[in-house]
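Accompanying notes for the structure given below.
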Amino acid sequence: MEHTDTDHPDTLLIIDGHSMAFRAFYALPADTFTTTTGQHTNAVYGFVTMLLKLLEMERPTRVAVAFDVSRHSFRTEEYPEYKGTRGETPPEFIGQVELIGEVLDAMGIRRLTRDGYEADDILATLATEAAARGWDVLVASGDRDSFQLISDRVTVLYPGQGPGDLREMTPEAVQEKYGLPPAQYPELAALVGETSDNLPGVPGVGPKTAAQWLAKFGGLENLLARADEVGGKRGQALRDNLEEVRRNRRLNHLLTDLDLGVDVEDLRRGPTDRRAVEDLFDVLEFTGLRRRVLSAADIGLVAEEAAGNGSSDAAGPQEGDGDAEAREDLSLTVVGPGTDVSEWTARVVGPAGLWIDGSRRPGSGDAERLALADGTRVLVAETSDLEPGQEAVVGEFLADCPGLVVHDGKGTWHALRGRGWTMHAPAFDVELAAYLIRPEQRGYAMETLVQRYLGRAPDPAAASDALFELGGPAPDEPEAPTSAQTAAARAAWACVELSTALAALLEEHEESHLMGEVELPLQGVLARMEDTGIAMDPGVLDTLRGELSSGVERAASEAYKAIGRQVNLSSPKQLQEVLFDQLKLPYTKKTKTGYTTNAEALQELWVRTQEPFLEHLLTHRDRIKLLQMVESLQAAISPDGRIHTTFSQVVAATGRLASSDPNLQNIPARTADGRRIRHAFVAGRGFESLLSADYSQIEMRIMAHLSRDAGLIEAFNSGEDLHRTMASMVFGTPVEEVSPDQRTRIKATSYGLAYGLSSYGLSQQLGIPVPEAAELRERYFERFGGVRDYLAGLVAQARRDGYTQTMFHRRRYLPDLSSENRQRREMAERAALNAPIQGSAADIIKIAMVRVDAALREAGLSSRLLLQIHDELIVEVAPGEVGDVTRIVSEGMASPVHMDVPLEVAIGVGRSWMEAAH
DNA sequence: TCAAACCCGTC
DNA sequence: TTGACGGGTTTGAC
């Protein structure tokens with residue numbers, strides 16, 4: 001009965017057990033995965049989740065997991081230091097590999113080991129054998145040595161950043177990433193070295209150089225033979241390390257001919273021992289996984305046992321589970337002339353994925369192509385081809401559908417708005433969800449999310465994508481979809497699939513509230529803020545530009561006169577020549593490429609030397625920076641006379657917003673000259689004034705509340721100037737006798753603390769010797785011990801959990817807390833201090849924005865939110881509404897939860913932002 | 001053309 | 001050797 005179907009070749013899944021378990025261990029916090037008996041289970045959980053995902057997605061016909069027997073192998077025989085840098089096994093990891101073994105046994109999955117060899121060699125042997133039979137092979141391994149196995153038949157699944165994130169390494173992927181074919185990867189690795197295996201490479205040679213050499217000389221052998229032809233420092237380094245490179249190459253070669261005493265044919269899964277699974281998962285205290293393990297019991301089983309009857313050898317995706325049946329119903333409709341769109345929309349039940357192609361810019365969006373997907377069907381339309389009736393139906397659907405699932409809902413909103421459509425508030429946004437789950441990640445492009453959370457390759461040719469089961473348009477459709485239409489359809493479809501996966505993760509993280517009550521509602525608020533924009537007074541900008549540009553010219557010519565030649569004053573490199581070679585000024589602090597020419601250093605140099613050039617240079621810097629800003633603001637004014645910035649809701653790891661194109665969150669405020677730019681931001685036509693409302697010392701208030709430090713709380717509640725009061729408490733002088741200098745020191749210490757400032761940093765900041773700064777810190781902590789304990793606790797907790805949390809459960813993962821690299825580790829520690837404080841402030845003002853926006857609209861006012869600058873809101877006030885707006889803003893910005901220190905909001909009103917500020 | 005380095009504006 | 005951003009210019013490699 002059992003044979004290989006030519007359309008669905010056998011697939012072998014082989015997993016490097018130890019390395020994948022170890023990856024899972026570091027990807028998930030050990031502390032949240034602990035049984036009542038104290039056994040840690042994070043590696044088991046991560047491993048089993050990954051295994052299930054692979055079984056469900058790939059449906060392999062053969063499965064095996066290979067384990068190392070011990071640290072000793074033929075490689076340590078040759079080179080005792082091999083993998084010698086690996087430290088002691090973390091105590092939390094102990095016992096978890098055994099547990100994984102038991103799970104595998106219960107699931108009927110073969111475990112393989114071979115004394116004297118590594119799991120990698122077992123993988124290599126099996127992969128080679130299976131590929132020779134024409135099977136597809138998936139190798140899950142966290143060891144890059146496995147890349148040498150990659151071929152058209154063999155794909156390596158290599159762990160990426162997050163838990164459960166596996167990257168499909170194909171020959172193309174290796175070529176793209178390293179610039180050479182997989183078979184040559186070990187040659188590159190031999191040159192570069194592998195820290196985790198304790199195999200040093202050639203110093204100064206990274207992947208780029210290595211790939212270049214290999215391409216130039218045609219492989220490692222030739223390179224080593226002709227090493228004397230390689231010039232430069234790196235050439236010498238290569239010649240000095242020829243033996244090491246040869247040794248690396250010997251050690252990273254995987255054996256493909258081990259005698260494992262088992263045939264790949266025999267790697268069918270055995271039956272799942274349900275009883276054993278139940279017992280084991282009781283011990284592990286896993287609940288959700290149990291069901292998935294049991295329902296995956298038939299994947300990869302011997303055909304005869306699979307469905308309880310003998311007729312299933314045509315197997316493959318059609319095999320009788322719910323998913324496959326649903327897929328047969330899938331349909332793709334490309335809207336053409338006369339297509340009855342309402343027939344399609346009327347049948348939508350449940351969530352509807354929505355994807356738009358076209359510009360997503362505020363104020364100039366355009367939805368060129370639109371795709372809608374429900375659980376079983378996808379509809380695609382070129383919007384410019386829609387007939388009026390069709391357009392009306394789509395518009396009505398978008399405006400009324402309560403179950404929209406989107407990616408970047410704000411951009412989608414702008415795109416639809418460009419065509420005059422309105423969009424119902426989305427029920428879910430997969431980009432926002434992915435951000436909340438891992439806010440420190442870089443990008444959340446659709447393809448990235450599909451790969452990360454659905455485990456599918458972004459490549460349209462990937463056969464595992466359900467959409468390709470669609471097989472094109474339904475028979476009665478005249479047009480086949482274009483590739484752009486297919487891509488849009490896939491994206492809309494993926495929105496729905498992703499929303500289920502991500503909603504579960506949010507729930508697990510206790511971030512569902514943040515999503516549903518904060519980020520999603522805020523998205524709509526931000527869309528309207530961007531769409532509205534802020535009015536500019538072009539006259540003010542013109543005047544400023546004139547003044548500034550003559551200021552720039554004057555400063556430049558004075559500067560040139562002082563040194564007798566013209567240089568590019570914006571070039572740090574040329575400035576260094578002038579300062580240190582020509583003028584022979586004392587050196588400033590070192591940078592990577594020389595000596596710094598930043599304003600602080602120049603200022604200090606000027607005080608010491610009175611060199612006139614420095615003064616002109618500083619003036620020039622200052623003027624040109626402002627000029628630049630004025631010009632970029634002028635260029636950003638839309639035809640409506642307003643600037644429409646973009647607020648990004650998914651870039652800042654702490655939860656803050658970011659503003660760009662142009663950035664309106666860094667308009668000068670500190671110097672009088674710079675502040676003049678704020679005169680140009682005004683109330684627009686039909687409005688009376690701008691209102692600015694900002695939180696006073698919100699971060700210190702959060703610190704007081706969270707640390708429960710009695711002294712700090714008392715300082716706040718005294719109602720006096722905070723820093724003065726704190727200074728009097730630290731220095732033991734009456735409040736009225738606190739000197740300005742004492743106040744400055746305490747203020748700097750306070751704010752420095754939330755950033756992880758060292759004594760050195762504090763000394764620099766205040767211009768005092770380090771011991772004095774250290775003493776200041778000491779005295780501060782003596783008086784505010786609760787703050788010290790709280791901050792220390794933050795880092796300890798972050799190290800334990802792997803992440804920090806804000807007052808509203810916003811997480812930030814900090815993998816670098818366990819970095820071997822001191823600099824990285826210390827940076828992560830400082831971030832751990834800062835994230836809960838900065839992030840809680842971000843939570844609070846986001847909630848305030850949602851409340852203020854809702855209250856303004858409910859009150860039927862025309863006044864509207866325009867900008868957010870981290871702790872400040874700008875509202876455009878309609879005539880006669882100042883009183884109401886002031887009240888609404890004050891109430892909306894009041895703390896959403898009780899705090900031991902109340903939040904204080906300062907409000908100002910004026911014709912321009914400058915006048916509204918206080 | 002692109003990335004890295006430097007510099008600097010905000011909170 | 002203080003957190004979080006966006007963005008300008010120069011420079012050098014490609």
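Below, chains carry the letters A, B, ... as their sequence lines are ordered, and counting in each starts from 1.
- OP1 and OP2 of C:dG8 both lie 4.0 Å or more from every side-chain N or O belonging to A:S570.
- Using a 4.0 Å heavy-atom cutoff across all strands shown, A:A754 reaches no nucleic acid atom at all.
- Proximity of the aromatic rings of A:F784 and A:Y780 is defined here by a centroid distance below 6.0 angstrom, and this criterion is met.
- Among the nucleotides C:dG3, C:dG7, B:dA5, the one closest to the side chain of A:M827 is C:dG3.
- A:L833 has its CG atom 10 Å from the C1' atom of C:dT2, to the nearest Å.
- Regarding contacts with the backbone of B:dC7, a side-chain N or O of A:T597 is found under 4.0 angstrom from either OP1 or OP2.
- Proximity note for A:N666 (side chain, C-beta onward) versus B:dG9, B:dA5, C:dC5: the nearest is B:dG9.
- With rounding to whole Å, A:L617 atom CG is found 12 Å from B:dC7 atom C1'.
- Backbone-only contact: A:Q574 has heavy atoms under 4.0 Å from sugar-phosphate atoms and none from a base.
- A:A841 comes within contact range of no nucleotide atom at all, as no heavy-atom separation falls under 4.0 Å.
- Enclosure of atom CZ in A:R822 is not indicated, since only 12 or fewer non-hydrogen atoms of other residues, nucleotides or ligands lie within 6.0 angstrom.
- Using a 4.0 Å heavy-atom distance criterion, A:S648 is classed as making no nucleic acid contact.
- Counting only Watson-Crick and G-U wobble pairs whose two distances sit under 3.5 Å, DNA chain C takes part in these stems of three or more pairs: B:1-11 with C:3-13.
- Checking C:dT11, B:dC8, C:dT1 against the side-chain heavy atoms of A:K573 singles out C:dT11 as nearest.
- With distances taken from any side-chain atom of A:R670 to the nucleotides B:dC7, B:dC11, C:dT11, the minimum falls on B:dC11.
- Under the stacking criterion of a centre-to-centre distance below 5.5 angstrom and an interplanar angle below 30°, A:Y755 is not stacked against the six-membered ring of C:dT2.
- With respect to A:E876 and A:R642, a salt bridge is recorded, a charged nitrogen being found less than 4.0 Å from a carboxylate O.
- No donor-acceptor pair under 3.5 Å is formed between the side chain of A:R830 and the backbone N or O of A:L757.
- Comparing B:dA4 with C:dT2, their C1' atoms sit 23 Å apart, to the nearest whole Å.
- Closest to the A:I869 side chain, of the nucleotides B:dC11, C:dA4, C:dT10, is B:dC11.
- At the heavy-atom level, A:R621 lies under 4.0 Å from the strands shown only through sugar-phosphate atoms.
- Of the candidates B:dC7, C:dT2, B:dC11, B:dC7 carries the atom nearest the A:T591 side chain, counting heavy atoms from C-beta on.
- One interatomic measurement links the two molecules: CD of A:Q576 to P of B:dC6, which rounds to 9 Å at whole-angstrom precision.
- Checked against C:dT1, C:dG3, C:dC5, the side chain of A:A658 finds its nearest nucleotide in C:dC5.
- Backbone-only contact: A:A599 has heavy atoms under 4.0 Å from sugar-phosphate atoms and none from a base.
- Dashed line: the shortest gap from a side-chain N or O of A:R822 to OP1 or OP2 of C:dT1 is not under 4.0 Å.
- Among B:dC7, C:dT11, C:dG3, the nucleotide with an atom closest to any side-chain atom of A:N834 is C:dG3.
- Side-chain atoms of A:L712 and A:S750, non-hydrogen and from C-beta on, never get closer than 4.5 Å to each other.
- Among the heavy atoms of the strands lying under 4.0 Å from A:T596 are primed sugar atoms or P, OP1, OP2 only; no base atom is included.
- Listed nucleotides: C:dA4, C:dT9, B:dT10. Nearest to the side chain of A:Q628: C:dT9.
- Side-chain atoms of A:R656 come within donor-acceptor range of the base of B:dC11, with a qualifying N/O pair under 3.5 Å.
- For the pair A:L691 and A:I907, the minimum side-chain heavy-atom distance is below 4.5 Å.
- Within a 6.0 Å radius of CE in A:M827, other residues, nucleotides and ligands contribute 12 heavy atoms or fewer.
- Rounded to whole Å, the distance from CD1 on A:I677 to C1' on C:dG7 is 14 Å.
- Distances shorter than 4.0 Å separate none of the side-chain N or O atoms of A:T654 from OP1 or OP2 on C:dG3.
- For the atom pair A:R811 CZ and A:H809 NE2, the distance stands at 9.5 Å (nearest 0.5 Å).
- Taking a cutoff of 4.0 Å between a charged side-chain nitrogen and a carboxylate oxygen, A:D709 and A:R788 do not qualify as a salt bridge.
- For the pair A:K589 NZ and B:dC6 C1', the computed distance is 15 Å after rounding to whole Å.
- Rounded to whole Å, the distance from CG on A:L867 to C1' on C:dC5 is 16 Å.
- For the pair A:R361 and A:E530, the salt-bridge criterion is not met [side-chain N within less than 4.0 Å of a carboxylate O].
- No hydrogens or angles were tested; on distance alone, nothing pairs the side chain of A:N663 with the base of C:dG6 as donor and acceptor under 3.5 Å.
- Nucleic acid contact class of A:K625 (heavy atoms, under 4.0 Å, all strands): base.
- Residue A:Y760 is the one, among A:Y760 and A:S571, whose nearest nucleotide of DNA chain C lies closer to the 5' end (criterion: closest heavy atom).
- A salt bridge links A:E519 with A:K846; the closest basic N to acidic carboxylate O contact falls under 4.0 Å.
- A:D661 comes within contact range of the sugar-phosphate backbone alone, with a heavy-atom separation under 4.0 Å but no base atom that close.
- Ranking C:dT2, B:dA5, B:dC11 by closeness to the A:Q765 side chain, first place goes to C:dT2.
- In this structure, A:R675 reaches neither bases nor backbone, as no heavy-atom distance under 4.0 Å exists between it and the strands shown.
- Distance, A:R623 CZ to C:dT9 P: 18 Å, rounded to whole Å.
- A:Q838 comes within 4.0 angstrom of a base, heavy atoms only.
- A:M914 places its CE atom 13 Å from the P atom of B:dT10, with the value rounded to the nearest Å.
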